[in-house]
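Comments concern the structure below.
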Amino acid sequence: RRSLALPGDEHLKELGHITANFSLLEASLTFIVWRLIPSDAAIIITEGMSFRRLVDLFRRLANHQTKDTHARKQIRAWCKRAEKAAQRRNEMLHSMWTFDDTGSRVPGTLAMRGSLRGISEREVLENIQATSVRELDEIALEIFATAVALHRLKLPVTPVWRRCSTANG
């Protein structure tokens, strides 16, 4: 039998990795979008923008400034990868977490959209899917790899880390 409870430390640690890696991905994308917008207004334009809209803006700006067909294909592929990473992150971070109350502490997630009104506890508990620490780790690593892949795209901008390292000597 399952009951609703907090996840264990290992799961919380991996959820933290997902959160931190997604923050890196989002910040990296924001910095690159700022470099693609030839204006001081870039910060104002992107402030408060959802990740999905930021990816869309990046796609449009990068395609506008990149004439190379191969580079454009890589940009499209990266955008799909980023959207999938965001979807997986959202599935994990916006889910309800539960454990098996037999003492085995098998974790599970239940993605809930909207209201729980009219849904019985039994229905909720029957729809829980097991989620392992390994699965959470894989999601965190994929998000990190997506951030790294962004910096490897052939874009008409100087990567942020190179700008920072040359500015500091």
Side-chain angles (χ1 to χ4, degrees), residues 6-7 9-97 107-115 129 131-169:
L6 291 175
D9 289 346
E10 289 182 22
H11 283 77
L12 290 174
K13 179 180 171 185
E14 290 307 324
L15 289 169
H17 285 154
I18 289 171
T19 301
N21 289 350
F22 193 81
S23 179
L24 171 68
L25 172 60
E26 190 168 28
S28 296
L29 180 58
T30 300
F31 292 147
I32 287 178
V33 166
W34 290 352
R35 297 287 295 151
L36 290 170
I37 299 173
S39 166
D40 290 340
I43 295 170
I44 296 167
I45 291 168
T46 58
E47 184 179 357
M49 191 174 276
S50 70
F51 186 77
R52 173 181 266 159
R53 289 183 186 259
L54 193 60
V55 170
D56 183 55
L57 178 60
F58 166 74
R59 178 187 358 251
R60 289 183 287 129
L61 289 168
N63 280 331
H64 176 73
Q65 295 182 25
T66 305
K67 305 304 176 211
D68 181 82
T69 306
H70 180 68
R72 285 182 171 199
K73 285 180 184 176
Q74 288 182 322
I75 290 164
R76 276 194 307 274
W78 183 88
C79 289
K80 287 180 184 176
R81 183 178 182 178
E83 289 167 352
K84 184 177 179 183
Q87 177 186 356
R88 293 295 288 147
R89 173 234 182 231
N90 289 341
E91 286 171 3
M92 293 300 111
L93 296 185
H94 296 290
S95 289
M96 186 181 302
W97 285 85
T109 60
L110 175 66
M112 297 299 294
R113 298 278 185 237
S115 173
Q129 298 175 352
T131 305
S132 68
V133 170
R134 181 177 179 184
E135 182 180 357
L136 294 174
D137 183 54
E138 288 170 359
I139 293 167
L141 290 173
E142 175 54 27
I143 292 169
F144 182 78
T146 303
V148 170
L150 172 63
H151 292 289
R152 291 188 174 152
L153 290 174
K154 303 241 187 283
L155 298 171
V157 298
T158 303
V160 173
W161 71 89
R162 286 195 186 134
R163 275 189 302 126
C164 293
S165 64
T166 57
N168 295 330

Please, which pairs that meet side chain to side chain donor-acceptor pair (under 3.5 Å) have at least one residue in residues 134-144, sequence neighbours excluded?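 For residues 134-144: Arg81-Glu142, Arg88-Glu135, Arg134-Glu138, Glu142-Thr146.
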Tell me every residue that passes side chain to side chain contact (heavy atoms under 4.5 Å, CB included) with [X], counting only those two or more places apart in sequence or in another chain.
| X | answer |
| --- | --- |
| Gln87 | Glu91 |
| Lys73 | Thr69, Arg76 |
| Ile43 | Trp34 |
| Ser50 | Arg52, Arg53 |

Apply salt bridge (Lys or Arg N to Asp or Glu O under 4.0 Å) to Arg60 and list each qualifying residue two or more places apart in sequence or on a separate chain.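 Here the qualifying residues are Asp56.
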In chain order, what residues pass the salt bridge (Lys or Arg N to Asp or Glu O under 4.0 Å) check against Glu10, with sequence neighbours excluded?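 Glu10 satisfies salt bridge (Lys or Arg N to Asp or Glu O under 4.0 Å) with no residue once adjacent residues are dropped.
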Could you list the residues that satisfy side chain to side chain donor-acceptor pair (under 3.5 Å) with Glu14, not counting sequence neighbours?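 Partners of Glu14 under the side chain to side chain donor-acceptor pair (under 3.5 Å) test: His17.
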In the structure I gave you, are the side-chain heavy atoms of Ile32 and His151 within less than 4.5 Å of one another anywhere?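 Yes; the side chains approach each other to less than 4.5 Å.
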Counting distance only, does the side-chain N/O of Ser23 pair as donor-acceptor with the main-chain N or O of Thr19 below 3.5 Å?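 Checked: no pair found.
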Quick one: does any side-chain atom of Arg89 pair with a main-chain N or O of Ile18 as donor and acceptor, under 3.5 Å?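 Such a contact is absent between Arg89 side chain and Ile18 backbone.
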Nearest 0.5 Å, what's the CG-OG1 distance between Leu61 and Thr66?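 Leu61 CG to Thr66 OG1: 10.0 Å, rounded to 0.5 Å.
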What residue pairs, at least two apart or across chains, pass ring-ring contact (aromatic ring centres under 6.0 Å, His included) with a residue in residues 42-88?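 Matches after skipping sequence neighbours: Phe22-Phe51, Phe58-Trp78.
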Using a strict cut-off of less than 4.0 Å between a Lys/Arg side-chain nitrogen and an Asp/Glu carboxylate oxygen, indicate whether Glu83 and Arg59 qualify as a salt bridge.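 Looking at Glu83 and Arg59, the cut-off is met.
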